[in-house]
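One structure is given below, encoded as C-alpha cells.
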There are 2 protein chains.
Amino acid sequence: MNESLQNQRKEQILDAALKVLVQNGYEQSRMDDVVKLSKLSKGAIYWYYKSKKEMYLDLVNFWVLRYSVNLNHIVEEEALPSLQLKDLFQYFIDQYESDPQPFIALTDFWSMAQKDEDFRKKLQKVYTHFLELLEGIIDRGVKSGEFKKLDVRMTALSIMVNIESINWFTLFEIHGVSVKEYMETIIDFILSGIMKKH
Amino acid sequence: MNESLQNQRKEQILDAALKVLVQNGYEQSRMDDVVKLSKLSKGAIYWYYKSKKEMYLDLVNFWVLRYSVNLNHIVEEEALPSLQLKDLFQYFIDQYESDPQPFIALTDFWSMAQKDEDFRKKLQKVYTHFLELLEGIIDRGVKSGEFKKLDVRMTALSIMVNIESINWFTLFEIHGVSVKEYMETIIDFILSGIMKKH
DNA sequence: TAATATAGACTGACCGGTCGGTTTAGTTTA
DNA sequence: TAAACTAAACCGACCGGTCAGTCTATATTA
C-alpha cells in the first residue's frame, strides 16, 4: 500500500473522528462511532493510531494544515496590511459559514488543553504560529506608516482574541446578530482604532 | 437542620466539586473525588443532589450568584458609564488574579454546553443576563452623550467577548503580557473607540 | 507457471477495569 | 423521631484497547 493510500485512510478516519468529536466532545466520543462512520474496523483504526488520544492529536494537525495553506496565502500577497486583516476576517467568516464544525471542535480542544499537557502544547503551537502571522502584518503596517505606532504583540493578541470570538456563535443564537455582521463590525472597529487618520 | 446549614453543606460539596472540575474537567471528574475533598460521604452527596449532572448544574448557579452580587453593585452606582465599564474590567481582573479557578471551569462548561441542552440553557441565561447589564450601561452612555451613537447590542457583545478573553490566560503563557496589562489596554482601546471626542 | 511464502492491512468478538449510582445497615443530630 | 447523615459493599452498563485470525497483493521458489 503506497503512502497516498495510507493518507487517504487516515483522512477517512479523521473525517469520521471530527464528526464524532463535534457531536459528542472528546470524552463522550466513542471509538466505535468512529469505526462506524469511517466504515473501517476497530482494528484498522488501531492499526493507524495507537490510541484515541493519538488519533485526536493528529486531527489537530490535519485541520491546521488545511487552514494554514490559505492563511499563508493571504499573508504572502503584497496587499495593504489593513486589507490583509480584512481578508483574514473574511476568510474565517467564510469558513464558518461554509462549515462551522471545526469551530465547534475547537471548544473541546480548549477544554482538553486545560487538563492535558500534550493537547496544550499542540494548541499553543498553533496559536503561537497564528500570533506570529498577525504580528508580521501589524509590524508591516506600523513600519509602512499605515498604522499608528502600536504595541505589536498586544495588538496581535487582541485581534486573535476577536477572531476567536466567532466561537460564540457556535453556542448561542445571539438575537438579531449574524456572524458576518458581527465580525465585519469588529474588524472595522479595530481598523479604525489602529490606522492613522488623515 | 435549618436552611442555612443545608446551604452550608451544599457549599461544602460545591467547593469540592469546583476543585475537582478544575483539575479534571467534567467527564474526568469523579464523584469519589468530590466525596473525599468535601469530607462528606457518598450518601450525603446523593442526599443533596440526585446526580452528578445536577450537582454541576448547581455549581453554575452557586458561582453566578457570587459574581452577580458584585456586578449589580457596580452597575447600580451612579457613576459615569465609561467608569462603570472600567470598573467591570477591573473587577474581572481582580477576580482572576485572586482566584483563576472559576475561569478555568468556565472553559469546561463551554464545552459541556456544546453537547448538553441543559448546560447550554444555563450558560445562555447567564450570558444573556450579563449582556443586558452591559447594554444598560452602554445605553445610558449613549443617551447621556458620553458615548457616540452606537449599535448598543453589537457593542455590548463585543465588550463581553473581550472580557471573556481573560480565559486565554488560563491556558497559555502569553509571552511578556500579563492579564492586568492586557485587559487594561483593551478597555482603554474600546473606550477610546466608543466615547465622543472633544 | 503453479505452488508457496511473507508482510501489510484489516476484522470483530471479547475482556477487564472503571465509575455513576444504589443499597443496606446502622449512627448522629436537631 | 424524623431528617441528615456515615461507611462500605455492591451492581452493571459501558468502552478503550487487544489479539487471534483472515485477506490480499506481491515476491520467491521449485
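Only a predicted model underlies this, so the values are computations on that prediction, with no experimental measurement involved. Here is the naming used below: chain letters follow the sequence lines, and residue numbers restart at 1 for every chain.
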Side chain [X], main chain [Y], donor-acceptor under 3.5 Å:
X        : Y        : answer
B:Gln28  : B:Gly25  : no
B:Glu146 : B:Gly141 : no
A:Lys52  : A:Tyr26  : yes

Interatomic distance, [X] [atom1] vs [N] [atom2] [rounded to whole Å]:
X       : N      : atom1 : atom2 : answer
B:Asn24 : C:dC19 : CG    : P     : 10 Å
A:Lys36 : C:dG12 : NZ    : C1'   : 14 Å
A:Tyr48 : D:dG17 : OH    : C1'   : 18 Å
B:Glu27 : D:dC14 : CD    : P     : 14 Å
A:Ile45 : D:dG17 : CD1   : C1'   : 12 Å
B:Glu54 : C:dG20 : CD    : P     : 16 Å
A:Gln12 : C:dA9  : CD    : P     : 14 Å
B:Lys10 : D:dA4  : NZ    : C1'   : 14 Å

Side chain to side chain, A:Leu106 and A:Glu164, heavy atoms closer than 4.5 Å: yes
Student check: side-chain heavy atoms of A:Arg140 and A:Val75 closer than 4.5 Å: yes
Distance test, side-chain N/O of [X] to OP1/OP2 of [N], below 4.0 Å:
X       : N      : result
A:Gln6  : C:dA9  : yes
B:Arg30 : C:dG20 : yes
A:Trp47 : C:dC10 : no

Parallel, tilted or perpendicular: ring planes of B:Phe92 versus B:Tyr67, cut at 30 and 60 degrees: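 Ring orientation of B:Phe92 relative to B:Tyr67: parallel.
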Nucleotide N/O of nucleotides 15-17 of chain C paired with protein N/O under 3.5 Å:
none

Shortest side-chain distance from A:Ser41, nucleotide among D:dT6, C:dA9, C:dT11: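 It is C:dT11.
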Nucleotides 21-26 of chain C: protein proximity per nucleotide (B base, S sugar-phosphate only, - neither; heavy atom, under 4.0 Å): B-----
Polar contact flag, side-chain donor to acceptor under 3.5 angstrom, B:Arg9-B:Gln12: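 Yes.
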Pair B:Glu11, B:Asn7: side-chain N/O donor-acceptor within cut-off below 3.5 Å: no
ring-ring contact (aromatic ring centres under 6.0 Å, His included) assessment of B:Trp168 paired with B:Tyr182: CA-CA 11 Å; B:Trp168 281 85; B:Tyr182 176 73; 9.3 Å; no
